[in-house]
Amino acid sequence: MSALLPAALRDDFPILSGNVLDGHPLIFLDNAASTQRPRQVIDAIRNVYERDYANVHRGIHTLSERSTELYEHAREKVRAFIGAEHTREVIFTSGTTASINLVARSWGDANLQPGDEVLTTVMEHHSNLVPWQQMAERTGAVLRHVPITSDGRLDMQAFEELLTERTKLVAVSSVSNTLGTINPIDEITAKAHAAGALVLVDAAQSVPHMPIDVRAPDVDFLAFSGHKMLGPSGVGILYGKESLLDAMPPFLGGGSMINEVRLDGFTPAELPAKFEAGTPPIVPAIGMSAAIDYLNQIGIEAIHRHEQVLMQLAYDALSQVEGIKILGPTPKDRAGLISFSFDRIHAHEFAQVLNDQFGVAVRAGHHCTQPLHALLGITASTRASFYLYNQPEDIDRLVEGIAAVQKMFAPRGRRRKRKQ
Ligand code: C6P
């Protein structure tokens with residue numbers, strides 16, 4: 001229990017402290033979808049709008065200079081947080097989805113030909129599948145998928161077999177948003193590089209929760225979102241190695257991404273502006289910077305340890321529940337989320353009762369991993385995902401709620417029997 005963060009952290013989050021929904025204090029266990037924001041982030045956003053806001057890189061007036069400084073300071077904050085070498089390697093996008101699409105469109109269209117292969121996995125979020133399917137349609141390259149083992153880990157033997165001289169890119173998530181599996185990015189990167197392939201990591205579910213250093217294991221591209229790490233929605237990051245980004249053509253065209261425009265053409269701007277066409281997510285980026293300050297203050301290692309305690313508690317408690325099927329691996333290789341299903345009770349019914357009768361917010365559905373759910377032989381699951389402001393009492397409430405839903409949906413005979 002000593003690895004737990006103080007419960008008082010919750011007081012920093014206005015939406016969590018004292019929020020009562022339909023008569024129940026809110027227990028927020030939907031953090032893998034989006035987290036909540038501490039007062040420090042909300043204040044930072046309000047301060048920009050009240051004191052400093054103007055468009056960036058456009059004016060010589062004081063407010064534009066101030067906004068530009070704050071925006072570029074946010075880029076430096078992100079650079080340091082992920083261990084990148086240069087701020088030129090940090091591109092502000094609207095989120096993980098936009099970051100992966102940028103690589104698929106820009107790097108993919110410029111580098112892939114019929115016969116080339118992109119290797120992804122069956123556990124990917126749709127954001128790391130569909131852009132590659134679209135890329136395959138455009139270029140004639142082939143998309144291959146690493147399967148999973150029966151306990152929800154990547155099948156590394158199959159990975160090695162699928163990795164060939166035709167593989168140009170391995171696109172893989174560091175943590176599965178459905179199984180919770182922590183994938184061995186070090187090993188994947190080393191093997192992919194040895195085979196001559198680049199590596200793109202969908203880090204939407206890892207950057208907010210565990211330490212990251214893009215230079216060890218030396219990934220080529222990394223994508224993540226601000227709203228999953230206490231920051232605002234509408235901002236995300238694409239990290240790319242400078243040499244790769246330099247060689248890639250711009251994706252979106254418009255203001256900011258140019259050096260010079262003539263009627264018959266343009267020359268692109270230097271990095272990172274080359275990939276930031278139009279007015280960027282100015283205030284979301286500044287809010288993300290405040291979120292990074294908050295995470296740094298607590299310490300990302302401490303956050304990871306805290307979530308591991310919660311996940312272990314939840315895993316142990318849920319394992320005792322009759323009829324439950326927990327998706328994914330044992331706690332050893334698992335991040336702070338647990339998805340589960342029952343044969344007779346639909347995930348939506350679970351989530352509805354948990355919300356209405358216990359104030360517990362969880363996600364139910366396919367979590368944007370339809371192919372994975374199909375492989376597991378289910379259409380939906382219920383997912384509880386933890387963050388730094390959750391405490392063991394939240395898990396007690398979840399387990400209590402699950403027992404109540406089970407009772408509610410128990411066959412008539414069994415319900416009568418229990419009452420006797
Ligand atoms: N997963 C979830 O409930 P965006 O929406 O662009 O910020 O992130 C997309 C994304 C990409 N990869 C992974 C592994 C993700 O988990 C997500 C977002 C949310 O699981 C919303 S579907």
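When a ligand or atom number is given, it counts from 1 through the structure's own listing order.
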A.B. asks: State plainly whether the residues K332 and D151 are in salt-bridge range, i.e. N to O under 4.0 Å.
C.D. replies: no
A.B. asks: Take S381 and H367 through the test side-chain hydrogen bond (donor to acceptor under 3.5 Å, both in side chains) and record every step on the way to the result.
C.D. replies: CA-CA 8 Å; S381 56; H367 319 311; 3.0 Å; yes
A.B. asks: Which residue holds the protein heavy atom closest to atom 6 (O) of ligand 1, what is that atom called, and what is the gap in Å?
C.D. replies: T97 OG1, 2.5 Å
A.B. asks: Does R383 have a non-hydrogen atom less than 4.0 Å from ligand 1?
C.D. replies: yes
A.B. asks: Please assess F342 against F350 for the test ring pair (Phe, Tyr, Trp, His ring centres under 6.0 Å), listing each intermediate value before the final yes or no.
C.D. replies: CA-CA 10 Å; F342 287 83; F350 246 106; 4.9 Å; yes
A.B. asks: Using a strict cut-off of 4.0 Å, indicate which atoms of ligand 1 neighbour a heavy atom of S127.
C.D. replies: 9 (C), 11 (C)
A.B. asks: In terms of residue, atom name and distance, what is the protein heavy atom nearest to atom 15 (C) of ligand 1?
C.D. replies: H125 CD2, 3.3 Å
A.B. asks: Mind checking whether A32 contacts ligand 1 via backbone (N, CA, C, O), side chain (CB onward), both or neither, at a 4.0 Å heavy-atom cut-off?
C.D. replies: backbone
A.B. asks: Would you say S173 and ligand 1 have an N/O pair spaced under 3.5 Å apart?
C.D. replies: no
A.B. asks: In terms of atom number and element, which parts of ligand 1 are under 4.0 angstrom from non-hydrogen atoms of R363?
C.D. replies: 2 (C), 3 (O), 19 (C), 20 (O), 21 (C), 22 (S)
A.B. asks: Look at E69 together with R66 and state whether they make a salt bridge at an N to O cut-off of under 4.0 Å.
C.D. replies: no
A.B. asks: For D202, is the nearest heavy atom under 4.0 Å from an atom of ligand 1?
C.D. replies: yes
A.B. asks: Does D218 pair with K241 as a salt bridge, N-O distance under 4.0 Å?
C.D. replies: yes
A.B. asks: Hey, which atoms in ligand 1 end up nearer than 4.0 Å to a heavy atom of A33?
C.D. replies: 2 (C), 3 (O), 19 (C)
A.B. asks: Over 60° means perpendicular and under 30° means parallel, so classify the ring planes of Y389 and F13, tilted if in between.
C.D. replies: perpendicular
A.B. asks: Answer yes or no for K228: is there a heavy-atom contact with ligand 1 below 4.0 Å?
C.D. replies: yes
A.B. asks: Which pair of heavy atoms, one from L310 and one from P392, lies closest together, and at what distance?
C.D. replies: CD2-N, 3.7 Å
A.B. asks: Under a 4.0 Å N-O cut-off, is there an ion pair linking R46 with D43?
C.D. replies: yes
A.B. asks: Report, in ascending order of atom number, the atoms of ligand 1 lying under 4.0 Å from any heavy atom of Q205.
C.D. replies: 1 (N), 14 (C), 15 (C), 16 (O), 20 (O)
A.B. asks: Is it the case that ligand 1 has an N or O less than 3.5 angstrom from some N or O of S225?
C.D. replies: yes
